[in-house]
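To find a chain, count down the sequence lines: A is the first, B the second, and so on, and within it residues start at 1.
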2 protein chains.
Amino acid sequence: MTNSNDGNGGAATASIATGRANMQLGYTPLYLQVRQQLLDKLISGEWLPGAMLPSEQQLSVQMGVSQGTVRKALDALSADRIVVRHQGRGTFVAEHDQRRTLFQFFKIADDKGDRVLPETVYSQLRRAEPSTAESRLLGLRPKAGVWRIVRHRALKGRVMLNEQITLSEDRFPGLDVHVPLPNNIYELYERHFATTVARAAEQLRAVSASAQDADVLGCGETTPILQIDRQAFALNGALVELRRSRCLTEQFHYASDLR
Amino acid sequence: MTNSNDGNGGAATASIATGRANMQLGYTPLYLQVRQQLLDKLISGEWLPGAMLPSEQQLSVQMGVSQGTVRKALDALSADRIVVRHQGRGTFVAEHDQRRTLFQFFKIADDKGDRVLPETVYSQLRRAEPSTAESRLLGLRPKAGVWRIVRHRALKGRVMLNEQITLSEDRFPGLDVHVPLPNNIYELYERHFATTVARAAEQLRAVSASAQDADVLGCGETTPILQIDRQAFALNGALVELRRSRCLTEQFHYASDLR
DNA sequence: TAGTGGTCTAGACCACGCC
DNA sequence: GCGTGGTCTAGACCACTAG
């Protein structure tokens, strides 16, 4: 790319010329190399969330590939919700606005199937020692601390979620300055800690309400509770947040699409 | 397409010429029209599951569009897992083999995060009268009957799932002939009832084990149980299966990827 | 009206699977 | 060696947004 290719349609030639690591099978297509270069710029902070990227034409000249190849790279980033493209406007770095949080990262819906925006009714932040599991998962240095956030969140005016979040103190230095934390916490990560949550994995289990759950959620002890464990990953693939949500599911449910 | 377009790069011209319904905004791109035409053939049964489709080149000639446009249509079908493409081999109608069932339609995993294939240890089929809700959802004619399947399913040798499936008797005539039902029931729908399950929606709640759950799953009554309601949809979008699974989540969990 | 992404076409070459 | 899908290029035109 920077060492420009031969100008004809030779894909493998160009790929080998640029010589990118590719363990899978033989070679890495040019558009994936372009995708990675663009992703690297996003990771480095060269383009901040909300910023407009150069046009396909400009990028194709800068990177020495055809516009079609840049388009394929941008389409791949768009499919991963890393950028957002608007015909007639341009390509933008994806932001954690309310809509994205609601549709990509919040799966609780009411009986009609509509996603409901949760409201934070209680929030607490404190510094703590990580468990060995947390330390390992978050990749903490020895003796590094963590932040623990506890939030109680309401849906349609009723407290439904008892949530605990664990973050590396190193990655989120001075987090306590931002108390009271905003409802949309991924936007906070993004704006003040250069951390964009790109994807997450969740594990769901049915458990009994603890005494604390019963108190927070106003239910009986041993009431069935949906426990949702989440690991959230940054653009570079690093695990940046651990979360456990305990949720009443009498009026709401967790919605999952299989496709 | 059949009424061929003008042969140049005029996209909108070709689209308007073929005049497909498109409520959204203005027009439907040619590749989506091609996608729909291919989907129609799949729905009609012209190409059966597992069959190889004509090559891109052949399709482009048949439909009077460029190979690139056919490719875009096939890529869209591939993204929806309706066809499967293999470099060097061809494009095939997707089948409900064990791998697809496991990865697309079965979200239970063990503590390491590995999907586990369930084993059916008990299966019962009977004809029944639908509830009004079932009748409405499945679009049944008045007085039409349903099949009810009850299955107990084991993971790693332990009964973990108590499952009830409801099907339209009209769509699955003579289903009782196939008793004992195979473990992979979507393959049965596909092979004998011309019904391909293309996608599904699930709603998850935490509930208490009923007396029957306790008996089947070997747990105490009021044990927390993960209840999974599923609606499965055919290629043409019709709702074809209702399912309720009640699941122990002490050794296993429901895995959900947010991306 | 200018600039952006979106579509469509045409043709070349590459990687892969199979015979 | 042949046929398949996958990549890459080049260039045209269309749809949409904004000044």
Trainee: For the pair made of CD in Q58(A) and P in dA2(C), what is the distance, rounded to whole Å?
Mentor: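 Between P of dA2(C) and CD of Q58(A): 17 Å.
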Trainee: Rounded to whole Å, how long is the line connecting atom OH of Y31(B) with atom P of dG6(C)?
Mentor: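 So the two atoms are 9 Å apart, to the nearest Å.
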Trainee: Look at R85(B) together with E56(B) and state whether they make a salt bridge at an N to O cut-off of under 4.0 Å.
Mentor: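 Salt bridge flag = yes for E56(B) with R85(B).
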Trainee: Using heavy-atom distances to pick each residue's nearest nucleotide on DNA chain D, tell me which of M52(B) and H86(A) is more 5'.
Mentor: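 Result of the comparison: M52(B).
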Trainee: If you compare every side-chain N and O of T91(B) against the phosphate oxygens of dG5(D) (OP1, OP2), does one of them come in below 4.0 Å?
Mentor: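 It does, given that an N or O in the side chain of T91(B) lies less than 4.0 Å from OP1 or OP2 of dG5(D).
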Trainee: Can you tell me how far P of dA2(C) sits from CD of Q57(A), to the nearest Å?
Mentor: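 Spelled out: CD on Q57(A) to P on dA2(C) is 17 Å.
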Trainee: For dA10(C), give the paired nucleotide (Watson-Crick: N1-N3 plus N6-O4 or O6-N4; G-U: N1-O2 and O6-N3; both under 3.5 Å), or none.
Mentor: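 Its partner is dT9(D) (Watson-Crick or G-U wobble, both distances under 3.5 Å).
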Trainee: In whole Å, I'd like the distance from the CD atom of Q87(A) to the P atom of dC13(D).
Mentor: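 Checked: the CD to P distance equals 17 Å.
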Trainee: Hey, do the aromatic rings of H178(A) and F172(A) have their centres closer than 6.0 Å?
Mentor: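 Ring-ring flag for H178(A)/F172(A): false, centres at least 6.0 Å apart.
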Trainee: Do R243(B) and E163(B) meet the salt-bridge criterion of a basic N to acidic O distance under 4.0 Å?
Mentor: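 The answer is yes: the pair qualifies as a salt bridge.
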Trainee: Ignoring hydrogens and angles, are the base of dG6(C) and the side chain of R71(A) linked by a donor-acceptor pair under 3.5 Å?
Mentor: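 Flag set: donor-acceptor pair detected.
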Trainee: Just compare dG5(C), dT9(C), dT7(D) and give me whichever is closest to any side-chain atom of E56(A).
Mentor: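 So the nucleotide nearest the side chain must be dG5(C).
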Trainee: Atom CG of L30(B) to atom P of dA10(C): distance rounded to whole Å?
Mentor: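 Answer to the nearest Å: 12 Å.
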Trainee: Considering only side-chain heavy atoms of V65(B), which listed nucleotide, dA15(C), dG5(D), dT9(C), is closest?
Mentor: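 In terms of side-chain proximity for V65(B), the closest of dA15(C), dG5(D), dT9(C) is dT9(C).
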Trainee: S66(A) side chain: which of dT4(D), dA10(D), dG6(C) is closest?
Mentor: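 Within the option list, the nearest is dA10(D).
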Trainee: Could you work out which one of dT9(D), dG6(C), dA15(C) sits closest to the side chain of Y27(A)?
Mentor: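 The closest nucleotide is dA15(C).
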Trainee: Examine dC16(D): is either OP1 or OP2 under 4.0 Å from a nitrogen or oxygen in the side chain of R89(A)? Give yes or no.
Mentor: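 R89(A) to dC16(D) OP1/OP2: no side-chain N or O under 4.0 Å.
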Trainee: Over how many whole Å does the gap from L77(B) atom CG to dG5(D) atom P extend?
Mentor: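 The answer, rounded to whole Å, is 13 Å.
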Trainee: Specify the separation, in whole Å, of atom NZ of K72(A) and atom C1' of dT7(C).
Mentor: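 Between C1' of dT7(C) and NZ of K72(A): 16 Å.
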Trainee: Please confirm whether H96(A) and Y189(A) have ring centers closer than 6.0 angstrom.
Mentor: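 So the answer is no for these two rings.
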Trainee: Given atom CZ of F92(B) and atom P of dT4(D), what is their separation to the nearest angstrom?
Mentor: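 After rounding, the reported distance stands at 11 Å.
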Trainee: Using side-chain heavy atoms (C-beta onward) and a distance below 4.5 Å, is W47(A) in contact with L38(A)?
Mentor: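 With C-beta onward as the side chain, the pair touches.
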Trainee: So which nucleotide from dG6(C), dC8(C), dC8(D) ends up closest to the side chain of P29(B)?
Mentor: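 Taking heavy atoms from C-beta onward, the closest nucleotide is dC8(C).
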